[in-house]
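Step one of this worksheet: look at the structure below.
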Amino acid sequence: MSLSRFALASSSALLATACGGSSGGGGGGTDVERLRSELAAAHVRPLPAPPAVSDELLALGQALFFDKVLSGSEDVSCATCHLPQFATGDGRTLASGVHGIGLGPNRGGGVIVARNSPPLFALHLKRELFWDGHVRGVGGLVTVPEAVELTDAMRATFSPGLEVMATQAMLPPVSREEMRGQPGENPVGDLGDGYNSSGGSPEGTTQVWAALTERLLDLPGYVTLLLAAYPGVPLQDFSFAHAGNAIAAFEARAFARTDSPFERFVRGDDAALTEVQLAGALEFFGPAGCSRCHSGSLLSDQEHHNTGLPQLGPGVGGVMVPVCPICPAFMPDRSDIGRENATGQPEDRFLFRTPSLLSVALTGPWGHAGQFAELRDFVAHYRDAELSHLRYDIQANVFDPELVTTLVPNADLVLATLDPRLQSPKDFDVDAVVAFLHALTARDASDLSDVVPASVPSGLPIF
């Protein structure tokens with residue numbers, strides 16, 4: 001698409017916005033011209049390339065991503081919950097952490113993690129990570145939970161453009177449920193509580209990082225990789241920030257899978273979408289109203305919303321409820337209070353980050369707790385979020401026997417603060433929108449086997 005043509009589409013969208021909002025699919029012109037106007041109004045631009053990283057840093061990050069050495073009992077890696085075979089997810093409703101056996105939907109016996117494993121495509125474009133946004137880039141700095149403290153030296157280690165990703169990568173190894181384990185299970189688990197533990201402290205988090213860094217430096221293969229990735233850094237100066245930064249570098253480059261029909265259309269190929277996909281795109285950006293939250297190059301406003309999804313699993317935070325109908329005492333239920341966990345603000349209760357939709361058809365189950373097993377059903381939820389919530393059938397969507405009985409009876413609480421944009425039923429073509437979402441699948445996202453190393457320096461099995 002020429003610069004002059006792009007500027008014309010942008011000018012048309014700005015004019016439409018000034019006259020009362022997005023173009024809304026109205027006006028004359030061909031369907032292609034109408035869609036280009038909608039894209040300009042929704043600030044959809046070609047996806048930027050990931051930050052440049054050295055091959056040596058990539059090699060270190062690849063090894064760390066697939067190596068179980070970063071977990072307390074050396075039984076879980078980053079890849080356990082972000083499998084190449086499942087488009088960087090795990091195909092599960094909720095992740096299965098420490099003690100688990102097997103992979104993907106067949107994994108069982110592990111500690112249930114309260115939220116769905118999110119995909120890793122184009123993470124470098126996200127200004128915050130985790131479903132509640134508790135790692136966030138603000139004004140060139142990264143904000144972190146209270147039980148985490150990044151030193152100036154750690155922050156200086158992060159490569160430009162990878163600061164948020166690198167910080168995120170440092171946290172799951174500290175989480176007892178995800179990777180570390182409990183006291184008595186392994187030496188790292190014996191260390192004090194830190195990130196993701198009730199009452200955890202920055203000291204506990206720092207102790208875990210130090211122990212894992214020492215573990216890496218005891219392995220000759222990692223010493224070689226670290227020195228190659230960070231030339232000039234003395235061994236005694238390495239910290240876990242160097243590991244997190246390397247993992248981020250690997251993720252940014254390995255999972256920058258953007259060659260989808262929709263991205264080709266955004267870059268100027270008018271014939272990239274089929275007629276069905278084009279119609280679906282017009283539905284998505286028009287009558288369905290999806291782009292009011294799914295905007296920008298990631299098709300995410302990167303904000304937080306209560307979309308009325310039912311809740312299941314162990315929850316995070318909880319809402320205080322009576323112990324029994326006539327009891328004066330209260331206890332937390334299994335609600336996941338969403339962004340309130342990160343901010344402490346009651347107005348953020350049940351708000352969750354708008355996910356990116358890149359290659360979304362590959363990344364089910366869908367929802368912050370993997371509530372929907374089928375993409376069509378997930379899209380249909382947004383026609384009438386309240387009715388969908390009230391009629392939700394957990395047995396039709398959740399197949400893990402540990403989870404089918406964990407539906408949280410908090411519909412009244414969730415629906416009381418439903419996003420205003422979803423409080424009235426919508427009439428849109430679900431199948432058309434689903435057809436468009438399939439156009440967001442990158443042609444090289446279905447098979448990610450090329451990123452799996454033959455082995456890792458610890459000698460532990462990769463899968």
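We use all heavy atoms of the structure for the numbers below, so side chains are in, but hydrogens, waters and symmetry mates are not. For the single chain, residues carry numbers from 1 onward in sequence order.
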Heavy-atom pair of closest approach, residues V69 and S458: CB-CB, 4.0 Å

When you measure from the side chain of R92 to the backbone of R107, do you find a donor-acceptor pair of N or O atoms at a distance under 3.5 Å? yes

For V135 and E128, what are the C-alpha separation, side-chain angles and deciding distance, and is it a side-chain contact (heavy atoms from CB on, under 4.5 Å)? CA-CA 6 Å; V135 170; E128 61 180 54; over 6 Å; no

Is it the case that the side chains of H305 and R421 hold a donor-acceptor pair, with the cut-off being a distance below 3.5 Å and no angle test? yes

For atom CD1 of I101, decide whether the heavy atoms of other residues, nucleotides or ligands shown that lie under 6.0 angstrom number more than 12. no

Determine the interplanar angle of the H242 and F238 rings, folded into 0 to 90°, and report it as parallel if under 30°, tilted if 30 to 60°, perpendicular if over 60°. perpendicular

If you take the centroid of each ring, where Trp contributes its six-membered ring, are F255 and F250 closer together than 6.0 Å? yes

Side chains of Q302 and S300 only: does a donor on one sit below 3.5 Å from an acceptor on the other? no

dist C78:SG -> E178:CD (nearest 0.5 Å) comes out at 10.0 Å

Exercise: identify the closest heavy-atom pair between F285 and S291: CD2-CB, 3.4 Å

Quick one: CG on D132 to CD1 on I337, what's the gap to the nearest 0.5 Å? 9.0 Å

For the atom pair CG (L299) and CZ (F436), what is the distance rounded to the nearest 0.5 Å? 5.5 Å

Just do the side chain to side chain donor-acceptor pair (under 3.5 Å) check on D67 and S77 with the steps written out, would you? CA-CA 6 Å; D67 203 332; S77 71; over 6 Å; no

Is it true that a side-chain atom of R353 and a backbone atom of L129 form a donor plus acceptor pair closer than 3.5 Å? no

Can you tell if the side chain of I112 reaches within under 4.5 Å of the side chain of E402, non-hydrogen atoms only? yes

Classify the ring geometry between H381 and F378 as parallel (under 30°), tilted (30 to 60°) or perpendicular (over 60°). parallel

May I ask you to test the V44-F262 pair for a side-chain heavy-atom distance under 4.5 Å? yes

Greater than 12 external heavy atoms within 6.0 Å of E303's CD: yes

Under a plain distance cut-off of 3.5 Å, with no hydrogens placed, do T157 and N245 share a side-chain donor-acceptor pair? no

I'd like to know whether CD of Q345 has more than 12 heavy-atom contacts from other residues, nucleotides or ligands below 6.0 angstrom. yes

Verify the distance criterion only: is there a donor paired with an acceptor across the side chains of D400 and T93 at less than 3.5 Å? no

Taking the side chain as every heavy atom from C-beta outward, state whether K68 and S73 have any pair of such atoms under 4.5 Å apart. no

In this structure, is the centre-to-centre distance between the rings of Y195 and H134 below 6.0 Å? yes

